[in-house]
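Just so you know, these numbers come straight off a predicted model, no measurement behind them. When a residue number appears, it is its place in the shown sequence, counting from 1.
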Amino acid sequence: QVQLVESGGGLVQPGGSLRLSCATSEFIFRRSAMGWYRQAPGKQRELVATITTSFSTTYADSVKGRFTISRDNAKNTVYLQMNSLKPEDTGVYYCTTEGGTWGQGTQVTVSS
């Protein structure tokens, strides 16, 4: 069974930074585009960023210029570097594979 192990969430003040990590097996990682979604309380899950196996990236308009998605093939890990965080970035962040496997989610709270 494919597993995605996420880490890096937490509480941060507005303007702060966090880096999320998502690790999976080499078999899956080398063959799959990866993505990050988030779900705020009372809202639908939304796409935040994606990265292909050839390192092409896409971002939601709301995070462009502030968030950076990257992948490390040596560690089979995808990252989401989040800078200039805003309260509206609060939510549970999920890692996902191209094949539709989801991580357990990690909570990000931006509050003073």
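- Inter-residue side-chain proximity for F29 and V78 is flagged as met; some heavy-atom pair is nearer than 4.5 Å.
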Which pairs would a plain distance check flag for residues 8-21, meaning a side-chain donor or acceptor within less than 3.5 Å of a matching protein atom at least two apart in sequence or in another chain?
{"residue": "S17", "atom": "OG", "partner": "N83", "partner atom": "OD1", "Å": "2.9"}

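- Annotation for Q44: atom CD does not count as buried by contact number, only 12 or fewer foreign heavy atoms lying within 6.0 Å.
- Within the structure, every pair that satisfies the disulfide bond (SG atoms under 2.5 Å apart) test and touches residues 74-112, not counting sequence neighbours, is listed here: C22-C95.
- Under the 4.5 Å side-chain heavy-atom criterion for grouping Ile, Leu, Val, Met, Phe, Trp and Tyr, I51 is connected to M82 within one hydrophobic cluster.
- When all heavy atoms of R30 and N73 are compared, the closest pair comes out as NH2-O, 2.8 Å.
- Of the residues Q39, Q107, R38, the one that meets the side chain to side chain donor-acceptor pair (under 3.5 Å) test with Y93 is R38.
- Of all heavy-atom pairs spanning T24 and M34, the tightest one is CG2-CE, 4.5 Å.
- Under the rule for a salt bridge (charged side-chain N to carboxylate O under 4.0 Å, His left out), E98 has no partner lying at least two apart in sequence or in another chain.
- Applying the ring-ring contact (aromatic ring centres under 6.0 Å, His included) rule to pairs touching residues 30-76 yields Y37-W102, sequence neighbours excluded.
- Inspection of the S111 and T109 side chains reveals no N or O donor paired with an N or O acceptor under 3.5 Å.
- For R45, there are no salt bridge (charged side-chain N to carboxylate O under 4.0 Å, His left out) partners, not counting sequence neighbours.
- Counting all heavy atoms, side chain and backbone alike, E6 lies closest to T106 at OE1-N, 3.7 Å.
- For K64, the salt bridge (charged side-chain N to carboxylate O under 4.0 Å, His left out) partners are D61, not counting sequence neighbours.
- Scanning all heavy atoms of the two residues, the minimum distance from A49 to L80 falls at CB-CD1, 4.2 Å.
- When hydrophobic clusters are built by joining Ile, Leu, Val, Met, Phe, Trp and Tyr residues whose side-chain heavy atoms come closer than 4.5 Å, directly or via intermediates, V48 is grouped together with I69.
- Closest non-hydrogen pair, A23 versus T77, comes out as CB-OG1, 3.7 Å.
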